[in-house]
Peer 1: 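So that we are looking at the same thing, I have put the structure below in structure tokens.
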2 protein chains.
Amino acid sequence: MRIERELMRGAGPVAVLKLLERHEMYGYELIDALSKRSEGVLALGQSTLYPMLYNMEAKGLIESTERAAPSGRERRYYRLTRTGHAQLAQQTEQWVAISRAMLALGILPGPTTTQEALA
Amino acid sequence: MRIERELMRGAGPVAVLKLLERHEMYGYELIDALSKRSEGVLALGQSTLYPMLYNMEAKGLIESTERAAPSGRERRYYRLTRTGHAQLAQQTEQWVAISRAMLALGILPGPTTTQEALA
DNA sequence: TGCTATACTATGTTATACGTAGTATGCGGA
DNA sequence: TCCGCATACTACGTATAACATAGTATAGCA
């Protein structure tokens with residue numbers, strides 16, 4: 001399922017923050033993880049993800065360390081800051097609110113059918 | 001619940017198309033309906049909604065007629081075109097896909113708790 | 001007459017998703 | 001040993017939508 005550009009807005013950043021919540025990850029790894037974990041729906045390109053990371057770091061949501069991987073290659077590992085955790089919580093709440101609204105309008109399937117529809 | 005600008009992207013248009021699915025409505029009425037039906041979450045301002053309508057009409061998703069309301073005031077009534085119906089169906093599908101992805105990532109609450117969480 | 005709600009138009013700003021292009025390295029096979 | 005490929009990241013330009021702000025005009029009511 002190909003998602004339109006504009007619908008992706010807002011979904012990407014929250015997803016990245018969520019992945020970084022557990023443990024640090026590097027860019028290339030995030031791209032892979034997002035794509036796989038969402039079955040291609042949140043498949044961000046490099047030109048989307050990397051600037052997003054720079055942006056988030058500038059805002060203090062994440063921080064990074066450049067470090068050699070076991071393979072010997074240099075990688076930049078990102079992890080959530082305290083601010084990032086707060087932001088994740090806030091944005092998650094907003095996503096739930098939007099979902100509720102979309103549900104109320106009948107765009108997302110109702111509670112009784114949610115399980116089958118989103119299964 | 002105040003929703004950030006970027007998270008709103010993509011949500012507005014689908015919601016508007018959905019409201020117009022049933023019967024024609026005019027701009028001011030749509031603003032009101034969106035705000036009320038979503039409990040303020042999809043509360044678009046005039047400067048967001050009107051350009052959105054012009055845009056959608058230019059794309060052929062909706063069409064309009066200017067007509068005097070019972071009150072005597074001129075209003076522009078919008079209704080879905082065939083293309084608009086198709087677009088609504090497609091975007092609805094995409095919204096479901098994104099929701100499923102957000103659910104898989106643990107951002108939206110899981111199936112068993114969806115009913116309570118979104119209730 | 002003046003105020004308020006209704007109804008719409010116009011313009012400029014900001015943010016981000018993505019296309020495209022380019023750089024550099026580790027590794028496996030021919 | 002050398003080539004090609006996957007890995008890993010950087011850089012720049014474009015398009016688009018959400019919104020702030022401002023302005024126009026009318027109906028109804030006190």
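What you are looking at is a predicted structure, and each value in this text was computed from that prediction instead of being measured. Convention: sequence-line order gives letters A, B, ...; per-chain numbering from 1.
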Peer 1: First contact, last contact: which nucleotides of DNA chain D are these for chain A, 5' to 3', heavy-atom distance under 4.0 Å?
Peer 2: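 Under 4.0 Å from chain A, the extent on DNA chain D is D/dA6 to D/dA17.
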Peer 1: If the threshold is 4.0 Å, N to carboxylate O, is there a salt bridge linking A/Glu63 and A/Arg79?
Peer 2: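 Salt bridge between A/Glu63 and A/Arg79, a charged N being under 4.0 Å from a carboxylate O: yes.
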Peer 1: Hey, which sits more toward the 5' end of DNA chain C by its nearest nucleotide, A/Ile3 or A/Pro70?
Peer 2: A/Ile3
Peer 1: Is the positively charged end of B/Arg76 above the ring of B/Tyr26, judged by distance under 6.0 angstrom from the centroid and angle within 45° of the axis?
Peer 2: no
Peer 1: Under 4.0 Å between a side-chain nitrogen and a carboxylate oxygen: does that hold for B/Glu74 and B/Arg67?
Peer 2: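 So B/Glu74 does not pair with B/Arg67 through a salt bridge.
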Peer 1: Per the end-axis method with five pairs at each terminus, what is the bend angle of the helix from C/dT1-D/dA30 to C/dA30-D/dT1, to 10°?
Peer 2: 10°
Peer 1: Do A/Leu42 and A/Met8 have side-chain heavy atoms sitting under 4.5 Å apart?
Peer 2: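 They are in contact (side-chain heavy atoms under 4.5 Å apart), so the answer is yes.
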Peer 1: First locate atom CG of B/Leu19, then atom CD of B/Glu24, and finally report the distance between them rounded to the nearest 0.5 Å.
Peer 2: 13.5 Å
Peer 1: Are the side chains of A/Leu80 and A/Leu61 in touch, meaning some heavy atoms are under 4.5 Å apart?
Peer 2: no
Peer 1: Would you check if B/Arg82 and B/His85 make a side-chain contact, meaning some heavy-atom pair closer than 4.5 Å?
Peer 2: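 Heavy-atom side-chain distance check fails, nothing below 4.5 Å.
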Peer 1: Can you check whether A/Gln87 reaches A/Thr83 side chain to side chain, under 4.5 Å on heavy atoms?
Peer 2: no
Peer 1: So do the side chains of B/Leu30 and B/Leu20 get within less than 4.5 Å of each other, counting heavy atoms only?
Peer 2: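 Side chain of B/Leu30 against side chain of B/Leu20, heavy atoms only: contact under 4.5 Å found.
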Peer 1: Give the B/S/- string for nucleotides 4-11 of chain C, one per nucleotide from 5' to 3', where a protein heavy atom under 4.0 Å of the base yields B, of only the sugar-phosphate yields S, and otherwise -.
Peer 2: -BBBBBB-
Peer 1: Give the ring-plane orientation class for B/Trp95 versus A/Trp95, where under 30° counts as parallel, over 60° as perpendicular and anything between as tilted.
Peer 2: tilted
Peer 1: Of all residues at least two apart in sequence or in a different chain, which pass the salt bridge (Lys or Arg N to Asp or Glu O under 4.0 Å) check with A/Arg73?
Peer 2: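 In terms of salt bridge (Lys or Arg N to Asp or Glu O under 4.0 Å), with neighbours along the sequence ignored, A/Arg73 is linked to no residue.
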Peer 1: Is there a side-chain contact between A/Arg75 and A/Glu29, using heavy atoms and a 4.5 Å cut-off?
Peer 2: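 Not in contact.
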Peer 1: Rounding to an integer number of Å, can you tell me how far A/Leu34 CG sits from C/dC18 P?
Peer 2: 12 Å
Peer 1: Who passes salt bridge (Lys or Arg N to Asp or Glu O under 4.0 Å) against A/Lys36, sequence neighbours left out?
Peer 2: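 For A/Lys36, the residues satisfying salt bridge (Lys or Arg N to Asp or Glu O under 4.0 Å) (neighbours in sequence not counted) are A/Asp32.
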Peer 1: Under 3.5 Å between N/O atoms: give me all the protein pairs with nucleotides 13-16 of chain C, atom names plus distance.
Peer 2:
residue, atom, partner, partner atom, Å
C/dT16, OP1, A/Lys59, NZ, 3.4
C/dT16, OP2, A/Asn55, ND2, 3.1
C/dT16, O4', A/Arg9, NH1, 2.8
C/dT16, O2, A/Arg9, NH1, 3.4
C/dT16, O2, A/Arg9, NH2, 2.3

